[in-house]
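Everything numeric in this text was worked out from a predicted model, so none of it was measured. Scope of the values below: all heavy atoms of this structure, side chains included, with no hydrogens, waters or symmetry mates.
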Amino acid sequence: MKKQPNEKEILGLPAETQLPLKLNILPIGGRPIFPGIFTPLMINNSEDIKVIENSLAGDGFIGIVMLKEDKENPTVVDLHKVGTVARIIKKINLPDGGVNVFVSTLQRFKIRKVLNSSNPIAAAIEYLEDEEDNTFEVKALTRALISEMKEISENNPMFSEEMRLNMVNIDHPGKIADFIVSILNIDKEEQQKVLEMTNVHKRMEQVLVFIKKEQEIFRVQKKIQTELNEKVEKNQREYFLREEMKSIQEELGIAGDSKTSDYQKFKSKIESFNFKGEVKEALDSELEKFHLLDPHDPDYNMSRNYLETVCSLPWNDEPLENYNIEKASKILENDHYGLEDVKKRIIEYLAVRMLKNDGKGSVLILVGPPGVGKTSVGRSIANAMNKKFFRFSVGGEHDESKIKGFRRTYIGSMPGQIIEGLKITKSKAPVFMIDEVDKMNASAQGDPAAALLEVLDPEQNSTFRDNYLNLPFDLSKVFFILTANTLDTIPRPLLDRAEIIELSGYIDQEKIEIARKYLLPKNLVKNGFKKNQVKYSKQAFALIATEYAREAGVRNFEKCIDKINRKLAAVEVSQLEKNGATDSAKIGEAVAKKIFSIDIPEVRKYLGKAIFDESQIKTASVPGTAIGLAWTSMGGDTLLLESIAIKSSKGGLQLTGQMGDVMKESAQIAMNWSRQFAIENKIKDSKWFEENTVHLHIPEGATPKDGPSAGITMAVTFTSLFKGKKIKTNLAMTGELSLTGQVLPIGGLREKTVAAKRNKIKTIIIPKANVRDLDEIPEHVKSGIKFIPVSNVQEVIDIVF
């Protein structure tokens with residue numbers, strides 16, 4: 001067996017004559033290893049262990065090269081080009097299957113040619129010799145390096161005595177630079193650049209720059225440490241002085257500081273609640289924490305705010321059910337015109353609560369288009385029950401924290417709206433109104449609908465936990481009223497826990513009465529007029545209802561009255577100023593003496609051009625058109641369906657007007673039935689349908705429309721087109737169509753009837769199954785309208801033509 005040369009023999013001769021020119025390469029993921037260092041290597045990768053064993057089986061030499069990026073199974077492209085040759089001195093097997101290898105690094109090398117590109121990587125190499133160009137400057141740099149490192153090592157306990165001795169005993173300038181850069185805390189890529197430098201002068205200059213940076217970092221670190229120590233000492237001194245001052249105050253009988261006062265206040269308040277179990281343990285712990293915290297500690301205010309919230313909640317409030325059915329009925333009657341069925345259901349609900357003598361809360365959902373008075377109905381219910389009222393909206397919410405609060409993990413945390421409402425009302429049984437529940441959205445921050453379900457569920461809300469409070473609180477006595485424009489987007493589990501009350505829109509007569517009794521008196525006060533100072537004629541109100549505010553609710557109607565009164569005030573004040581009046585009090589007195597009348601000319605003058613006019617009333621005036629009735633989140637509406645035939649080799653059906661999937665299916669069913677009807681009755685032959693494309697359109701294409709209730713309207717539209725004959729005037733229809741021609745029931749008949757009345761419809765065709773719903777429609781809404789029930793579409797065709 002060939003004897004291996006020892007390290008002295010190797011280092012005494014040129015690298016190329018003693019060191020191998022082919023090496024097994026060991027990739028390392030940490031920092032590069034410099035020549036002239038004896039160091040251990042921990043190896044766990046099975047491929048790398050094979051490289052060690054192969055090298056030991058040969059001459060014991062190995063090439064150590066740093067990876068560009070840490071990688072599990074690297075290839076030669078993942079390695080830097082320059083590394084260090086090392087001799088394996090000792091190998092120790094570890095219990096976990098890895099090995100601990102001690103190596104002595106000898107010389108820089110550069111990979112010249114790849115012999116094997118993946119594990120085990122092997123390469124032909126070229127050794128790099130140090131270049132020394134200016135001996136005098138190199139000596140000066142050596143002294144500078146040792147001197148500067150001495151300053152760092154003396155002030156840094158991380159540098160051992162052994163490191164200092166090694167640095168002084170190294171005789172070669174290049175090796176001094178290598179040793180220093182290997183122990184400095186610099187980026188590994190910077191160390192690799194130094195490893196690749198063969199010019200000793202440049203290498204030492206670069207290392208000197210690194211030392212200067214390290215010294216600067218150390219100076220800043222020392223400054224920060226000194227300032228921190230001074231601050232700590234100051235805080236400790238202040239703490240001892242405060243404690244001493246407390247002791248003196250106690251001896252003299254002087255009242256303590258605000259913190260002590262707050263602690264005593266919270267303690268006595270919490271004790272008065274007589275908490276037990278989990279709540280008592282949690283609050284005792286929080287009180288103790290608050291007592292120990294320094295007022296300057298950021299947690300102090302968080303703890304104080306939490307205790308304030310706890311103490312302000314109505315834990316022991318036991319409100320009595322104190323209301324009178326007759327009085328409640330009068331309040332509802334005075335607050336709202338119409339809505340008779342809504343009022344009846346509320347009175348029935350209150351009567352049941354009184355009979356049961358049950359104070360448990362309940363859940364109502366008020367559903368209806370905007371402006372019909374859902375929020376004001378909720379407020380009237382609270383007045384009728386003599387309960388505190390709290391309202392908040394969840395429209396557009398996508399974060400459950402609005403309802404359940406924020407966890408106490410950061411400064412600024414707060415409880416949710418439920419706990420906030422209890423704090424404000426100071427009652428355990430208030431009326432909570434939660435608006436716009438149909439407009440909640442789930443997101444990454446949680447599902448507010450699911451959080452609301454926990455609040456409303458009578459099986460869960462007796463131990464409701466707010467994220468901020470993190471204590472069980474009883475919500476079972478809270479009366480929840482939800483509002484929504486539509487039920488379609490409300491989760492089914494939420495609907496199951498509530499009683500649904502629908503508020504439909506108003507017809508013109510109802511709007512006029514609401515304006516006269518409620519909207520006008522309120523708006524006169526708002527705009528600085530006295531009661532009955534501005535008088536509107538019935539014709540003026542009727543004009544506003546028909547030409548400026550034709551929607552289901554009365555919100556726009558109120559805006560129109562507000563606009564007229566504002567303009568009237570502006571005209572009067574301007575006129576008085578032109579006549580020389582300047583004092584605002586005198587101007588007010590002068591206006592207060594006048595009585596103003598508003599009739600049709602004044603309405604047109606102040607409101608301008610009509611938003612709706614007779615030309616906008618939908619009529620099926622040509623063949624291929626029909627009027628249907630729809631039910632949307634904005635209330636009932638009329639739909640004018642239009643169809644035409646276009647010469648085409650494709651045939652088929654084309655749809656436009658923002659239809660949903662259900663409406664598209666209804667259109668296809670109506671088309672297929674109408675085509676079959678036309679062929680059987682020899683209105684059109686099958687060739688006509690092959691040569692023509694039927695285009696169905698619903699105007700107002702920007703508004704999404706969906707639902708099956710336009711099925712018979714579409715069939716009538718197509719049949720009118722095929723016959724070339726228009727349908728009867730002032731006639732509308734609603735009903736779902738089956739493929740065999742059956743007319744199926746629909747929903748929202750009341751809202752559709754209100755919409756028909758607004759559009760001067762005299763006859764409505766409805767499914768026979770919906771006749772029972774006519775009893776729920778008030779007589780003044782049904783008056784003047786003829787309802788024709790049908791069971792199949794053939795009856796519809798016979799009626800409309």
Side-chain angles (χ1 to χ4, degrees), residues 340-342 344-345 367-369 486-488 492 495-496 499-505 552 626-633 635-639 641 659-674 676-677 705-719 727-728 730-757 759 761-779 781-801:
E340 297 304 327
D341 56 338
V342 176
K344 283 179 186 176
R345 290 189 64 179
V367 185
T486 177
L487 297 176
D488 297 343
R492 183 57 54 187
L495 290 176
D496 291 342
E499 184 173 353
I500 300 167
I501 296 180
E502 295 179 358
L503 286 79
S504 57
I627 297 174
L629 298 174
W631 183 28
T632 69
S633 62
D637 197 8
T638 54
L639 295 178
L641 277 63
M659 300 184 199
D661 291 338
V662 175
M663 187 170 265
K664 288 177 182 176
E665 290 174 2
S666 291
Q668 193 60 58
I669 291 169
M671 178 62 186
N672 290 344
W673 186 91
S674 303
Q676 188 69 22
F677 175 81
K705 295 168 279 287
D706 201 6
S709 62
I712 63 170
T713 316
M714 293 174 181
V716 168
T717 304
F718 294 141
T719 306
I727 66 171
K728 291 179 180 178
N730 295 328
L731 180 144
M733 62 204 76
T734 180
E736 182 178 353
L737 175 65
S738 75
L739 203 54
T740 57
Q742 299 301 307
V743 179
L744 306 178
I746 45 82
L749 183 60
R750 173 174 174 155
E751 287 76 10
K752 292 175 180 179
T753 305
V754 171
K757 196 168 184 79
N759 281 270
I761 300 294
K762 301 297 182 183
T763 307
I764 301 177
I765 298 173
I766 63 170
K768 189 168 281 185
N770 284 109
V771 170
R772 63 181 185 273
D773 297 329
L774 293 175
D775 295 337
E776 297 179 9
I777 303 174
E779 287 300 326
V781 174
K782 291 188 290 187
S783 66
I785 296 179
K786 181 182 178 183
F787 293 90
I788 303 177
V790 295
S791 56
N792 64 73
V793 71
Q794 182 63 59
E795 294 178 51
V796 180
I797 299 299
D798 294 340
I799 293 165
V800 298
F801 294 110

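- In terms of heavy-atom proximity, Gly735 sits nearest to Val743 at CA-CG1, 4.2 Å.
- Contact check for Thr763 versus Ile785: no side-chain heavy atoms found under the 4.5 Å cut-off.
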Evaluate the criterion side-chain contact (heavy atoms from CB on, under 4.5 Å) for residue pair Leu641 and Met714; output intermediate values, then yes/no.
-> CA-CA 7 Å; Leu641 277 63; Met714 293 174 181; 3.4 Å; yes
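- Using a 4.5 Å heavy-atom cutoff, the side chains of Lys728 and Val800 are not in contact.
- With hydrogens and angles disregarded, no donor-acceptor distance shorter than 3.5 Å links the side chain of Lys786 to the backbone of Lys762.
- Applying the salt bridge (Lys or Arg N to Asp or Glu O under 4.0 Å) rule to Lys782 yields the partners Glu779; only residues at least two apart in sequence or on another chain are considered.
- The shortest distance between side-chain heavy atoms of Thr638 and Leu629 falls below 4.5 Å.
- In this structure the side chain of Leu737 never reaches within 4.5 angstrom of the side chain of Leu744, judged on heavy atoms.
- Residues passing the side chain to side chain contact (heavy atoms under 4.5 Å, CB included) test with Thr740 are Ser738, Gln742, sequence neighbours excluded.
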List the atom pairs, donor and acceptor, that lie under 3.5 Å between side-chain atoms in residues 663-672 and the rest of the protein, sequence neighbours left out.
from   : atom 1 : to     : atom 2 : distance (Å)
Ser666 : OG     : Val662 : O      : 3.3
Gln668 : NE2    : Asn672 : OD1    : 3.3
Asn672 : ND2    : Gln668 : O      : 3.4

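- Partners of Arg492 by side chain to side chain contact (heavy atoms under 4.5 Å, CB included), not counting sequence neighbours, listed by chain and number: Leu495, Asp496.
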Test Leu731 against Ile765 for side-chain contact (heavy atoms from CB on, under 4.5 Å), laying out the working first.
-> CA-CA 8 Å; Leu731 180 144; Ile765 298 173; 4.1 Å; yes
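- Here Thr719 pairs with Trp673, Ser674, Phe677, Lys723, Ile797, Phe801 under the side chain to side chain contact (heavy atoms under 4.5 Å, CB included) rule; sequence neighbours left out.
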Go through the steps for Gln794 and Ile799 under the test side-chain contact (heavy atoms from CB on, under 4.5 Å), then give the verdict.
-> CA-CA 9 Å; Gln794 182 63 59; Ile799 293 165; over 6 Å; no
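- Residues Val771 and Pro789 come closest through the heavy atom pair CG2-CB, 3.6 Å.
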Can you check side-chain contact (heavy atoms from CB on, under 4.5 Å) on Ile764 and Met733, steps first, answer last?
-> CA-CA 5 Å; Ile764 301 177; Met733 62 204 76; over 6 Å; no
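- For the atom pair CG (Asp773) and OG1 (Thr753), the distance works out to 9.5 Å, reported to the nearest 0.5 Å.
- The side chain to side chain contact (heavy atoms under 4.5 Å, CB included) search around Glu499 returns Arg345, Tyr349, Leu364, not counting sequence neighbours.
- Arg750 has its side chain out of reach of Val781: every pair of non-hydrogen atoms, C-beta onward, lies at least 4.5 Å apart.
- Residues Ser709 and Ile746 come closest through the heavy atom pair CB-CG2, 3.2 Å.
- With a 4.5 Å cut-off on side-chain heavy atoms, Ile766 and Ile788 do not count as touching.
- Side-chain atoms of Leu774 and Leu749, non-hydrogen and from C-beta on, do get closer than 4.5 Å to each other.
- Side-chain atoms of Lys752 come within 3.5 Å of backbone N or O of Gly747 as a donor-acceptor pair.
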